[in-house]
Amino acid sequence: ESVLEVGVGDGFFGNYLRRLGVDYRSIDLVAGLKPDVAASVAQLPLKSASFDVVCAFQVLEHLPWAEVPGAVAELGRVAKHRVVISLPHAGPYLQFSLKLPLFPPLRAVAKLPWPIRHRPDPEHFWEVGKMGFSRKRVRALLRQHFRISKEMLVFGLPYHRFYVLRVAEHDPEDRRARLEEPRLGRM
């Protein structure tokens with residue numbers, strides 16, 4: 001499979017995938033981070049459906065909200081099958097862990113609703129869970145371009161909300177479902 005990472009961060013993810021033999025490429029706006037391509041997520045200089053999976057971890061919050069729909073559309077345009085993103089999710093959380101002998105550990109994490117007003121700064125223009133940026137609003141934006149396969153908080157990383165998204169226009173399952181939908185016609 002081929003993977004595109006938008007926003008290279010510290011390079012850990014890319015190095016890991018390369019060691020596994022995955023066809024990995026990276027894009028970042030900051031050329032000094034040494035991505036394969038220096039470009040903005042808002043305008044990816046790549047062919048449509050050119051990567052099996054496109055990842056953007058902790059990237060979209062660095063754009064003003066008005067620019068996010070275009071960036072999300074770009075991620076979907078260059079992905080063949082899946083887009084995986086993570087976004088900061090503000091607010092308090094509960095974590096629970098239970099380990100009993102002979103059983104696998106039981107772990108759970110949940111966010112508590114906490115309407116915090118967001119004060120934009122150069123690092124984060126917005127965050128999930130803050131006033132005006134509810135999970136519902138973020139999901140509505142993502143559903144304009146994708147089917148949400150999975151949305152999750154990861155135990156130990158409660159500040160990061162992950163979304164696994166299916167690219168509907170390239171997904172054979174989705175195409176089959178659309179073909180099976182009843183069509184209204186003349187009687």
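Position 1 is the first residue of the sequence; numbering continues from there. Predicted model, so just to flag it, every value in this text is computed and none were measured. Below, each value reflects all heavy atoms present in this structure, side chains not excepted, and no hydrogens, waters or symmetry copies.
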Are V54 and L44 connected into the same hydrophobic cluster when the rule is that any two of I, L, V, M, F, W, Y join if their side-chain heavy atoms are below 4.5 Å apart? yes
Between D28 (side chain only) and P35 (backbone N and O only), is there a donor and an acceptor less than 3.5 Å apart? no
Just jot down the salt bridge (Lys or Arg N to Asp or Glu O under 4.0 Å) partners of R139, sequence neighbours excluded, or say none. E151
Quick check: closest heavy atoms across P158 and V109, and the distance to 0.1 Å? CB-CG2, 3.9 Å
Mind telling me whether Y159 and H124 have parallel, tilted or perpendicular rings, with 30° and 60° as the class edges? parallel
Do R166 and F146 have side chains that approach each other closer than 4.5 Å (heavy atoms only, starting at C-beta)? no
Indicate whether any N or O donor in one side chain lies under 3.5 Å from an N or O acceptor in the other, for E1 and Y24. no
Proximity of W65 and F125 rings by center, below 6.0 Å: no
How long is the span from the CZ atom in R143 to the NZ atom in K136, to the nearest 0.5 Å? 10.0 Å
List in chain and number order the residues that pass salt bridge (Lys or Arg N to Asp or Glu O under 4.0 Å) with K111, two or more places apart in sequence or in another chain; answer none if no residue qualifies. none
Could you state whether L106 and L100 fall into the same hydrophobic cluster, counting links through intermediate Ile, Leu, Val, Met, Phe, Trp or Tyr residues with side-chain heavy atoms under 4.5 angstrom apart? yes
Using the rule given for side chain to side chain contact (heavy atoms under 4.5 Å, CB included), can you reason through K47 versus V78, listing the C-alpha separation, both sets of side-chain angles and the distance that settles it, and then say yes or no? CA-CA 6 Å; K47 293 178 184 176; V78 300; over 6 Å; no
Quick one: closest heavy-atom pair of L142 and Y163, and the distance? CD1-CD2, 3.6 Å
Search all heavy atoms of C55 against all heavy atoms of V3 and return the closest pair with its distance. SG-CG1, 4.1 Å
Testing the basics here: between K80 and S50, what is the closest heavy-atom pair and its distance to 0.1 Å? CE-C, 4.3 Å
Are L112 and F133 connected in the hydrophobic side-chain network, where two residues link if heavy atoms are under 4.5 Å apart? no
Would E5 and F57 satisfy side chain to side chain contact (heavy atoms under 4.5 Å, CB included), going step by step from the backbone distance to the final call? CA-CA 8 Å; E5 182 181 21; F57 303 124; 4.1 Å; yes
Is L165 close to S149 at the side-chain level, that is, under 4.5 Å between some pair of heavy atoms? no
Any non-hydrogen side-chain atom of V68 less than 4.5 Å from a side-chain atom of W126? yes
Within a strict 4.5 Å, meaning less than it, do heavy atoms of the V41 and L63 side chains meet? yes
R161 pairs by side chain to side chain contact (heavy atoms under 4.5 Å, CB included) with which of I85, V154, L153? L153
What is the distance from atom CD1 of I27 to atom CD of E74, rounded to the nearest 0.5 Å? 9.0 Å
Can you tell if the side chain of R117 reaches within under 4.5 Å of the side chain of K130, non-hydrogen atoms only? no
Heavy-atom count around F155 CZ within 6.0 Å, excluding the residue itself: above 12? yes
Heavy-atom donor-acceptor pair, S40 side chain to L29 backbone, under 3.5 Å: no
Heavy-atom closest pair (A71 atom, L60 atom, distance to 0.1 Å) is CB-CD2, 3.9 Å
Would V83 end up clustered with M152 when hydrophobic side chains under 4.5 Å apart are linked, directly or stepwise? no
Got a donor-acceptor contact below 3.5 angstrom from the Q95 side chain to the A110 backbone? no
Do Q58 and S86 get their side chains close enough for a donor-acceptor pair, meaning under 3.5 Å? yes
Quick one: does H62's side chain have a donor or acceptor within less than 3.5 Å of a partner on E123's backbone? yes
Centroid-to-centroid, H89 to H160, below 6.0 Å? no
Check for me, please, whether V167 and L46 land in the same ILVMFWY cluster - side-chain distances under 4.5 Å, paths through other members count. yes
Heavy-atom count check: over 12 atoms from other residues, nucleotides or ligands less than 6.0 Å from K99 NZ? yes
Hey, are the side chains of L4 and S26 touching, using non-hydrogen atoms and a 4.5 Å cut-off? no
Can you name the closest pair of heavy atoms from V59 and V6 and give their distance? CG2-O, 3.1 Å
Working to the nearest 0.5 Å, report the span between CZ of F12 and CG of L17. 9.5 Å
Decide, yes or no, whether a salt bridge links D36 with R18 under the criterion of side-chain N to carboxylate O below 4.0 Å. yes
